[in-house]
Structure formats: structure tokens, C-alpha cells
Amino acid sequence: GAVALEASRLCPEGRVFAVEKHPGRFAHLRRNIQKTGALTVTPVNATLPDGLLSLPDPDRIFLGGGLSARPEILATAAHRLRPGGRIVVAATLLATLEQARAFFAAQAWNFQTTHVQSAVETPLGAHHRLTPDNPVFLVMGERECGERASPPPHTPPPPGGPCPPG
């Protein structure tokens, strides 16, 4: 939900949907929408990929987890993505990183991987050191205008939309 809140603040004229399957995190998301004033965020309590079926085709998608357990999420999301759109996959597992890169390559999409590393200051004797956190890889895939991803198995194709402006 945090990325949806930031997206709402960066693009206040847009519509943002945040799909969350866990009831506790969903309730937390709803409170944060009210607290931050990110009122263009529509919270959706659902499991992916089925949670995408009732939503409009998106221009941008952020997948913050779940691909290792449900690899079909990426194919469904990509199929729903409008031409000219982007998907960002946050991967903490190497298998998810490889899965996202292989998927975008198979679709012949342009993609780029960014490695994000952070560290926390911790005491070490009379001094301090930086203890690294788990690295995160952000894989951004971009569909060309006029292209559509191959449909995922057993999912009817949604209606196409116009390519978003440059």
C-alpha cells in the first residue's frame, strides 16, 4: 500500500488501485489512505491475479510480492497492461528476479533492473558499523505502444485501450 500512497501523491489526477489480500494489512492501508489524504487510492481486498479482473486496464503496475508463490500474477498483469505501460516488480528473492527478467525478455519488452541496498547503523564495541538489509531488485518492463502480452492461460482477453500519451 505504501507505493500506492506515493503514486497518488505523485499523480493526483490519476486513479490508483491497491490490491491487498491480507485483511490486517488491508485495514492498515485504508487507515493510511485517510491519514495521508491519498484519496485517489482505491483499496481492493482481493488475491492476485483474480483481483485484477474487476479493475480497469492499468497504465502502470507495481508488484510488491507474491510472484514466487503465484507466478501467473505477472502474466495476468502484463496482459492487462495497456500498450505503452510499465510494470515494476520488486524482487527480494533471486528466483523472482530471474522470473521477472525472463518474462520480460520472452515478451520482447524493454526492461531494466535496479539494485537497491540499504544498511542500518549498529553498535560494534565502542564504534558503529553499517549492517546491510536484504537487497531489493526493481525490474521495470515496458510494453511498446500497440503491443499486448500473450494472454495467460484460462483468462479472457480484456478490451484494448489507446496508447497513453508520450
Side-chain angles (χ1 to χ4, degrees), residues 1-93 95-97 99-111 136-166:
V3 172
L5 298 174
E6 289 298 323
S8 172
R9 296 177 63 81
L10 290 171
C11 188
E13 70 280 356
R15 293 174 59 196
V16 178
F17 296 89
V19 180
E20 176 54 63
K21 69 178 178 178
H22 298 288
R25 287 193 281 205
F26 180 74
H28 186 74
L29 170 63
R30 293 183 69 186
R31 286 191 302 273
N32 281 340
I33 290 169
Q34 294 301 316
K35 187 170 31 171
T36 63
L39 302 179
T40 61
V41 175
T42 301
V44 179
N45 190 203
T47 301
L48 292 178
D50 298 338
L52 296 172
L53 299 178
S54 64
L55 301 177
D57 287 349
D59 297 312
R60 304 288 187 262
I61 299 174
F62 176 80
L63 296 174
L67 292 185
S68 61
R70 305 279 313 264
E72 69 274 14
I73 291 171
L74 183 54
T76 302
H79 184 67
R80 293 295 308 275
L81 186 69
R82 293 177 136 201
R86 291 180 181 175
I87 295 178
V88 174
V89 175
T92 57
L93 302 175
T96 303
L97 170 64
Q99 174 190 355
R101 291 177 52 80
F103 178 84
F104 293 137
Q107 297 295 320
W109 288 11
N110 293 324
F111 64 94
V136 176
F137 296 91
L138 300 174
V139 186
M140 186 276 298
E142 186 171 42
R143 166 182 286 139
E144 296 291 327
C145 286
E147 292 183 16
R148 201 43 82 202
S150 301
H154 312 296
T155 302
C163 192

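Quick note: numbers below take in every heavy atom, side chains included, and nothing from hydrogens, waters or symmetry partners. Residue numbers start at 1 and run along the sequence shown.
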How long is the gap from [atom1] on [X] to [atom2] on [Y], to the nearest 0.5 Å?
| X | Y | atom1 | atom2 | value |
| --- | --- | --- | --- | --- |
| T36 | R31 | OG1 | CZ | 12.5 Å |
| E142 | Q107 | CD | CD | 14.5 Å |
| R101 | L97 | CZ | CG | 6.5 Å |
| R86 | N110 | CZ | CG | 10.0 Å |
| H79 | E72 | NE2 | CD | 15.0 Å |

NE2/H22: more than 12 non-hydrogen atoms of other groups inside 6.0 Å: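 Counting neighbours around NE2 of H22, more than 12 heavy atoms of other residues, nucleotides or ligands fall under 6.0 Å, so yes.
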Greater than 12 external heavy atoms within 6.0 Å of R70's CZ: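 Atom CZ in R70 is packed in, count exceeds 12.
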Minimum heavy-atom distance L74-A100, with the two atoms named: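 The answer is CD2-CA, 3.9 Å.
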Sole candidate of L67, I73, I61 that passes side chain to side chain contact (heavy atoms under 4.5 Å, CB included) when paired with V89: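 Answer to the side chain to side chain contact (heavy atoms under 4.5 Å, CB included) test with V89 among L67, I73, I61: L67.
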Option from R80, R82, R15 for which salt bridge (Lys or Arg N to Asp or Glu O under 4.0 Å) with D57 holds: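 Of all the options given, the one that passes is R80.
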Expected list for residues 37-54: side-chain donor-acceptor pairs under 3.5 angstrom, two or more places apart:
residue	atom	partner	partner atom	Å
T40	OG1	S8	OG	2.6
N45	ND2	E20	O	2.8

Whether F103 and W109 hold their rings parallel, tilted or perpendicular, with breakpoints at 30° and 60°: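 The rings of F103 and W109 stand perpendicular, inter-plane angle above 60°.
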Side-chain heavy-atom pair I87, F111 within 4.5 angstrom cut-off: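 They are not in contact (no side-chain heavy atoms under 4.5 Å apart), so the answer is no.
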